[in-house]
Amino acid sequence: MQESDGSDINTKIFNSVAEVFQKAQGSYAGHRKHIAVLKKIQSKAVEQGYEDAFNFWFDKLVTKILPLKKNETIGDRIVKLVAAFIASLDRELILAKGQDYELSNDEEGVFSRFVDQFIRHVLRGAESPDKNVRFRVLQLLAVIMDNIGEIDESLFNLLILSLNKRIYDREPTVRIQAVFCLTKFQDEEQTKNLTELPDDEENYEATRTLVASIQNDPSAEVRRAAMLNLINDNNTRPYILERARDVNIVNRRLVYSRILKSMGKNSFADIEPHIFDQLIEWGLEDREPSVKNACKRLIAHDWLNILDGDLIELLEKLDVARSSICAKAIEALFQSRPDILSKIKFPENIWRDFTVEIAFLFRAFYSYCLDNNITEMLEENFPEASKLSEHLNHYILLRYRHEGVPNNLHVGFDSNTLEFIIEQLLITAERYDFSDEVGRRSMLTVVRNMLALTALSEPLIKIGIRVMKSLSINEKDFVTMAIEIINDIRDDDIEKQELEEKIKSKKGNSHKNGVSSDGEDNDKTNNDATNDDEEDDNIASFHSAVENLVQGNGNVSESDIINNLPPEKEASSETIVLCLTRSSYMLELVNTPLTENILIASLMDTLITPAVRNTAPNIRELGVKNLGLCCLLDVKLAIDNMYILGMCVSKGNASLKYIALQVIVDIFSVHGNAVVDGEGKVDSISLHKIFYKVLKNNGLPECQVIAAEGLCKLFLADVFTDDDLFETLVLSYFSPINCSNEALVQAFAFCIPVYCFSHSTHQQRMSRTAADILLRLCVLWDDLQNSAPGMNREAMLKPNVIFQQLIFWTDPRNLVNQTASTKKDIVQLTFLIDVLKIFTQIEKKEIKKMILTNVNAIFLSPEQDYSTLKKILEYSDDITENDTLDSVSKNALDRLRNNLNVVLEEINERSELQTKDENNTTNDQYSSILGDSSNKLSNGDIDHSIGTINEDSTDAANAPNNSTTVNNLQGQSNLRKRTRSETEQDDTLGNSEDTLKQNTSAVTKDIGFVLPEEKEDAMSVDEEDNDSNSFTDI
Amino acid sequence: DEEDDQNDDNSNTTAGSILEKDLMAYFDENLNRNWRGREHWKVRNFKRMNLVTNEANILAETQNVVRDTTNKNMGDDKLTDAKKKNKPKKVLEIDFFQIDDGFEDKIFAPKGRTKIDMPIKNRKNDSHYLLPDDFHFSTERITRLFIKPEQKMSLFNHKKNSRGDASTRVFD
DNA sequence: GATGTGTAGCTATAACAG
DNA sequence: CTGTTATAGCTACACATC
């Protein structure tokens, strides 16, 4: 080939290709044509033996767009062009192969050489320092991945290696494209290996890499790309679906709106039941409305459509019997599809053939109609009360008696199914219309007798009692009936024991002294069978009781019960549990004081008090709960039992602590401080100590949460007002030892702001304690950073964030009770003064910087008190003069001082203006009240005095205090300055006598906070912990 | 100042009458996003209560509005100006005919000392970027008693009654 | 690493066709 | 009714800039 010809053709090829690119960058419009042209150029070049030249120039021209950043339209157009060109070639080849054309000119070879060269070419930029180049390279690879045909092994290895490097690129955009590329290399074999082979750094299987990305990539968009492109089979599905809890909102939403939606009917079959439940719960409970709505739409729209609107089938899929979230799901369904409401019917003939789904729909439909006042539907679909009770009775009999009822229909019904149906009917019954007396009476009979069944499950006891409450005439009637049931159960048991004893003694059996039923078990061959026998007996009495009641002999009078003296024998522990369960659910619904409720008093004596003293843990816990519920009804009882409850918390095992703690909090919530501190009452300090102790004990995280939540409640209610206890509370929020106790953190995250912003006295308490909190936490943090490498340094917030939090909490603008005087509020300013005051106790430059750089988040306003602002300025000046600060800190501090000066200036200007305008009249008045303002009268002072004459109690309380504290502060500040310089000198000598040292040593003690073995007083602000241990005696 | 005084009085009377349920809803709404606490809170200012409608606030707000609008107008002008400047700059075109010898060398330059990889510590995250369990703390939850959930305590409006008594109420 | 700007990915509403 | 398209407006997140 001659050179001139060669370079001529070569140039021609270059010009032609370049022209296409030149045109194509302008718009997408001519792309079709451009691709045709490119193909023509290529085939012509091949014909002329210039295949390489075409490839060379094509690649070279593509290189030009590589530096273009993301979303640059020109770049995107060329990328599209390349993709379309390659796709077109590929498609042509496949088509040709499919039709068995003779490929005349080795098109396949041309294509694969072109692709091979192209990929190798762009890969040269895969590790370019320019992130745009890396992005474009990966983008080009991603868009051609589907159409590269077969590539040889060396290129494949090169590509995989590059992609597995780029998946860890610095730039998220690059990683996203890498994910897109990798998704094309997945296959089933790999997903199997996912679970079967161990993790391996050198394992370059695409699926494994993608799974690593979906879980570990910091960028939400990368995880999203992996989620949407990961192959969806049994092995990978859990990784995809767990994104329903991704921290990113869009990712969470996409699980419902894309992943699950596209799975269609397979969602029901292919997802494991517990995961399926979890997904629905997560979706419907999500904090973000958009996620919640996506989930609702999935259920109410997509899924219901898939199932052709078959509501029952949908409920089957949702597994109503097991999943507690279904109530929410169906409510969403009713709301978004009101059309289906009218299609729901409950004809008479299905009443005896309820399934779990129908029963559930029945109850949900009823509740919905009731809540939304759809009376016509109620009348149309729901039978009269007596019918309801009949049906209920039918299922109760089915469940608790095996003979006497036509069995053929319900052969497949297991007890769980029946209990679920019964529960649904009872839930309906609780809100049913019982204006018809006959209906009410018959339902009452059914429920009372049901509650007498000893085999009744706890959920049914609970709802049964509630139904009984709604059926009762008044509370006294309710209590009477409930206690009668309880007494009957106990008496029956004792009777039975006596009977058995007689039989045993007749047999001359020796082992009768073993505590009742435990011994019995040995004699019984089959426990279940015996229970059933027992049940049959109960059903028999059940029937006779029904007879009695229907004949009107139902209600036993109160005196009957009281006169029915407690038998001397004790009931078996199983029976006691049955009684206590019923009584606790009863007591939960009672509100009349104990003094008007003699029956409950008798219950205390016969059942509850013995239970509290029982040695069996479960009985004792139930007893404590019952006792607590009674205490809520009577102050006197509460007072008498505070001590024992305190003992339970301090000496009991975890579960006893857990319940007793709740009881104590509830008692305080109801009775306030009346239950402590007085003649014969428990000392409130001792109770505080109990709370400290539980709060600090991270061995029992659940109890910590109760203590925290409980304390927050009590502080919110102003039952507790102790600053030290409050400080401990806030400290445990930030403490690293609690960082893994999510419930605790969330309780505080909610309660602390509610507390601070609900009342200015609350915010003032925070303000008073905040500086000390900050100081302690700074020391703690510092210690954590210097601790052993095993420690998790992220377990604690950095001091700057803590400081920001405290500033936010003390910001008066966040108070709910916004008034005009909010702008004058100085709570946050006093916090700042305290911080500046303790500032010298912070030693680390790093921490000082974190404090100072946030100091300007404090709200300053010319409305605020002049002297307070002035004081802050003085402290700031002091720090500037005496501390060596880095430039950032200094700038921040200067800015604060500058701002302060501006504000102070403005106050001065205003007051001058005012004195001119108002002809001295008002000012005279106020200055006479103020008396001592010898220096220039400032507007701030005036405001303040107005606050004082006002009836605003908080201002009135604070005004004098503040001025004195401010004065004191100044004194202290000077003193401190001296001490500080002395300390600096003495530091090397080890002098530890002054107050500052004392403080630091107190602080060092707190370091134990991090170290479990020393944690005793670490968190507690309470200094002397060892003196009175009222609850450790005995 | 006299006006302020007046307004103070007004606010004190009106502020006390904010309904408990409104307060509860207010807190639930505002703390919804901050449920994870700790490092996850944002300085997002609380949506101000619009429940209190006393003269002082109306006055203050109108003043703010006046100032705001003036500011906004100024800002708007600046913004639109900035946008006008930004938009027309997108007339970029590549000359594909211009191929000088060295251009590929720049693009395919070795990474050198530029860090193009994620730091190792960022490649694994134990949280897997999943949210923690949500315990759904709410005013509803913290006002109800632990062992007697039907009974609610009244947390916010008890102040006027007597200190140290949470004055529980029962809602039927 | 704090800041302001830009944008992906909805959400809402209407109009319109099937 | 149901589904599509077009429009504007919104917010959390990403990106850029200093």
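Below, chains carry the letters A, B, ... as their sequence lines are ordered, and counting in each starts from 1. Side-chain atoms are counted along with the backbone in the values below, which use heavy atoms only and exclude waters and symmetry mates.
By the 30° and 60° cut-offs, the orientation of the rings of B:Phe135 relative to B:Phe137 is tilted.
Residues A:Phe734 and A:Trp781 keep their aromatic ring centres 6.0 Å or farther apart. Here A:Phe757 and B:Tyr26 keep their ring centres 6.0 angstrom or further from each other.
For A:His301 and D:dG3, the shortest distance from a side-chain N or O to OP1 or OP2 is below 4.0 Å. For the OP1/OP2 pair of D:dA14 and a distance below 4.0 Å, the side-chain nitrogens and oxygens of A:Thr173 include no atom meeting the criterion. Within the structure, a side-chain polar atom (N or O) of A:Arg224 is placed less than 4.0 Å from OP1 or OP2 of C:dG9. The side chain of A:Arg297 places an N or O atom within less than 4.0 Å of a non-bridging phosphate oxygen (OP1 or OP2) of C:dT11. Close to C:dC10, at under 4.0 Å from its OP1 or OP2, lies a side-chain N or O of A:Arg253. The shortest distance between the side-chain N/O atoms of A:Lys131 and the OP1/OP2 oxygens of D:dA16 is below 4.0 Å. Taking side-chain N and O atoms only, A:Arg252 has no distance below 4.0 Å to OP1 or OP2 of C:dC10.
With A:Asn251 contributing its side chain and A:Val247 its backbone, the two residues share no donor-acceptor pair below 3.5 Å.
For A:Asn71, counting side-chain heavy atoms from C-beta on, the closest listed nucleotide (D:dC15, D:dA16, C:dA8) is C:dA8. With D:dA12, C:dC10, D:dG3 as the choices, the nucleotide that has an atom nearest any side-chain atom of A:Asn305 turns out to be D:dG3. Minimum atom distance to the side chain of A:Leu254 is reached by C:dC10, of the listed D:dC13, C:dC10, D:dG3.
Ranked by how close their nearest DNA chain C nucleotide is to the 5' end, A:Pro289 and A:Lys70 are led by A:Lys70.
If you check every strand for non-hydrogen atoms under 4.0 Å, A:Asn248 touches sugar and phosphate atoms only. Using a 4.0 Å heavy-atom distance criterion, A:Lys798 is classed as making no nucleic acid contact.
Annotation for A:Asp339: atom CG counts as buried by contact number, over 12 foreign heavy atoms lying within 6.0 Å.
Between A:Glu846 atom CD and C:dG1 atom P the separation is 12 Å, expressed in whole Å.
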